[in-house]
Amino acid sequence: MDEILINGGNRLAGEVRISGAKNSALPILASTILGGGDCVITNVPRVVDVLTMGKLLGILGVNVLHEGNRAVIQAEVIASTEAPYDLVKTMRASVLVLGPLVARWGEAKVSLPGGCAIGSRPVNLHLAGLEKLGADISIEHGYITAKAKRLRGARIYCDTPTVTGTENLMMAASLAEGVTMLENAAKEPEIVDLAEFLVKRGARIHGAGTDAITIEGVRELHGGDHEVIPDRIEAGTYLAAGAMTHGDVTTTHCRPTHLEAVLMKLREAGAHVQEGKDWVCLTMPDKLRGTDMRTLPFPGFPTDMQAQMVALMSLAEGTSVITETVFESRFMHVEELRRMGADIRVEGNRLMVTGGKKLTGAPVMASDLRASASLIVAGLAAEGVTQVQRVYHLDRGYERIEEKLGALGADIRRRPTTMKVH
Ligand code: EPZ
């Protein structure tokens, strides 16, 4: 296991190129199961979760050629329709093969993902939707089994807007007989990106990006080429890092329109933010000001930026109230930030973050992906050295983070953890 060491206090300045979106690449890769023909996917981030999805597709018998940020995938024939526990337990997004498998091959056996650092994260809405599409669903020995001769279009209302649930059902409905209406669908940009890729391959989808998506099923999908959209959460993370160090950071190859809520909160915190077609430039000339935020489904403030903003608010003037409404317990970063001197009170799903104090470097433990990112952001501004352990959590969703931060002027390095034998 590696650890990352940061000697805090350097002002970040310069340009950082944003990678492709992990949460778009994952459903897009899973969707290759839906048809034969070559799929050439570019701007694929080289992060562990994407490599894990490639491994899963390989286990299913899909041909996957993943070189650098490009993947060529060919799913003419599937050798297996089972996603094993040993792999699914390392990445919940493996559930994204469920819809495509049952839609194309009439059956799927996918391990239940199990718990996760940020909450129970059930998949009941995925399963309820697939049942509406005519799949027989059963859960035995920790596995979901889904069977259907051919799925039939249906009207599906999701109790809560679920990102991967919407993606799973949109993929499954693409090959169903008849028309499917997904209501109260999630509206994230990653869903629009997946829909655009499916339409290139012959799917008939309208309304992606709104809360009502119509899918007219077709018999089969052919191959297609696609460039994955930029990662809005990676961009938000580097902009927060720039604000944290009173720096001057420009994120390039990004989509400012996907970052509206985050840019609004950074401006409320005192940042000067300029936006171009595919770039955002942030400077933080004045003092950091506290501001309140509430995580919501897109286009609201993204839950995946909550932990990073808590780190930022721990240096800002005043008390900021940060409410997490999407997941039930996404506060794994709080205890670790407290060890660095942050003043954070937890009241139910709300955090009261009182700033104005300094942060000091400390050995801290990464847990889930975004909690780990918040420890890095805090370490950049902390006095002294922060040692972030178990950085494999970070490597799941951030491509070359220490290289990109180092190029912006951070004093940061990665080293293998010296296993201390006690
Ligand atoms: C996606 O997870 C993202 N992952 C998450 O990013 C992100 O935090 C989340 O959406 C919210 O934006 C990927 O896209 C691979 P949900 P997902 O289903 O789809 C409840 C990261 O850091 N729910 O939208 O699993 C659920 O418990 C990761 O990159 C049900 O109750 O999230 C949660 O409270 C972390 N039943 C809410 O809905 C279901 O069947 C939203 O979850 C499904 C979800």
Side-chain angles (χ1 to χ4, degrees), residues 19-31 45 47-50 52-53 56 88 90-99 110 112-132 137 139 144 156-171 182 184-194 211 228-229 231-237 258 261-262 295-308 323-333 349 366-374 393-399:
S19 300
K22 158 180 90 80
N23 290 349
S24 185
L26 291 173
I28 283 175
L29 292 181
S31 77
V47 295
V48 170
D49 273 8
V50 167
T52 302
M53 180 60 82
L56 174 55
V88 174
T90 68
M91 182 181 69
R92 307 178 34 73
S94 307
V95 73
L96 285 166
V97 301
L98 181 64
V110 177
L112 273 168
C116 156
I118 56 179
S120 60
R121 300 184 71 185
V123 289
N124 60 310
L125 299 176
H126 299 235
L127 304 183
L130 287 173
E131 279 185 325
K132 283 267 177 64
I137 302 280
I139 294 181
I144 304 161
I156 301 169
Y157 177 81
C158 289
D159 291 352
T160 175
T162 156
V163 174
T164 50
T166 301
E167 291 162 348
N168 235 335
L169 297 174
M170 192 165 74
M171 290 189 282
L182 288 186
N184 199 27
K187 301 186 273 193
E188 273 67 7
E190 294 76 28
I191 289 165
V192 177
D193 205 27
L194 171 64
D211 61 4
V228 174
I229 56 170
D231 193 316
R232 59 195 167 96
I233 304 302
E234 185 197 20
T237 303
H258 294 167
V262 174
T295 68
L296 286 168
F298 194 87
F301 185 85
T303 173
D304 290 350
M305 277 298 298
Q306 180 253 110
Q308 300 89 312
T323 309
E324 172 58 58
T325 74
V326 176
F327 289 107
E328 75 244 19
S329 62
R330 194 172 195 174
F331 296 147
M332 296 295 285
H333 43 295
N349 68 340
S367 54
D368 71 273
L369 171 58
R370 307 304 175 182
S372 318
S374 86
H393 289 289
L394 264 177
D395 295 335
R396 296 186 53 174
Y398 288 94
E399 191 173 19

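Both counts, for ligands and for their atoms, begin at 1 and track the order of listing. Values in this document were obtained by computation on a predicted structure and should not be read as measured data.
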Undergrad: When you look at T164 and R92, which way does the side-chain contact (heavy atoms from CB on, under 4.5 Å) test go after all the steps?
TA: CA-CA 10 Å; T164 50; R92 307 178 34 73; 5.9 Å; no

Undergrad: If you look only at distance, which donor and acceptor atoms sit under 3.5 Å apart when one is on a side chain in residues 301-308 and the other is two or more places apart or in another chain?
TA:
| unit_1 | atom_1 | unit_2 | atom_2 | d |
| --- | --- | --- | --- | --- |
| T303 | OG1 | E324 | OE1 | 2.9 |
| T303 | OG1 | E324 | OE2 | 3.1 |
| T303 | OG1 | R330 | NH1 | 2.8 |
| D304 | OD1 | R330 | NH1 | 2.7 |
| D304 | OD1 | R330 | NH2 | 3.0 |
| Q306 | OE1 | H333 | NE2 | 2.8 |
| Q306 | NE2 | E324 | OE1 | 3.1 |
| Q306 | NE2 | R330 | O | 3.0 |
| Q308 | NE2 | T237 | OG1 | 3.1 |
| Q308 | NE2 | D304 | O | 3.0 |
| Q308 | NE2 | Y398 | OH | 3.3 |

Undergrad: Under the salt bridge (charged side-chain N to carboxylate O under 4.0 Å, His left out) rule, collect the residues that match up with D49, sequence neighbours excluded.
TA: K22, R396

Undergrad: Compile the protein residues with any heavy atom at a distance under 4.0 Å from an atom of ligand 1; present them by chain, then by number.
TA: K22, N23, A93, I118, R121, P122, V123, N124, L125, H126, T160, P161, T162, V163, T164, T303, D304, V326, F327, R330, L369, R370

Undergrad: Out of N23, D193, L194, V192, which one pairs with I229 under the side chain to side chain contact (heavy atoms under 4.5 Å, CB included) rule?
TA: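 Checked N23, D193, L194, V192 against I229; only one passes side chain to side chain contact (heavy atoms under 4.5 Å, CB included): D193.
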
Undergrad: Once side chain to side chain donor-acceptor pair (under 3.5 Å) is applied, do any residues pair with N168, and if so which ones, sequence neighbours excluded?
TA: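 Side chain to side chain donor-acceptor pair (under 3.5 Å) list for N168, sorted by chain: H126.
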
Undergrad: Taking all heavy atoms of R232 and all of F298, pick out the closest pair and write down the distance.
TA: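 Shortest heavy-atom contact: NH1-CD1, 3.8 Å.
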
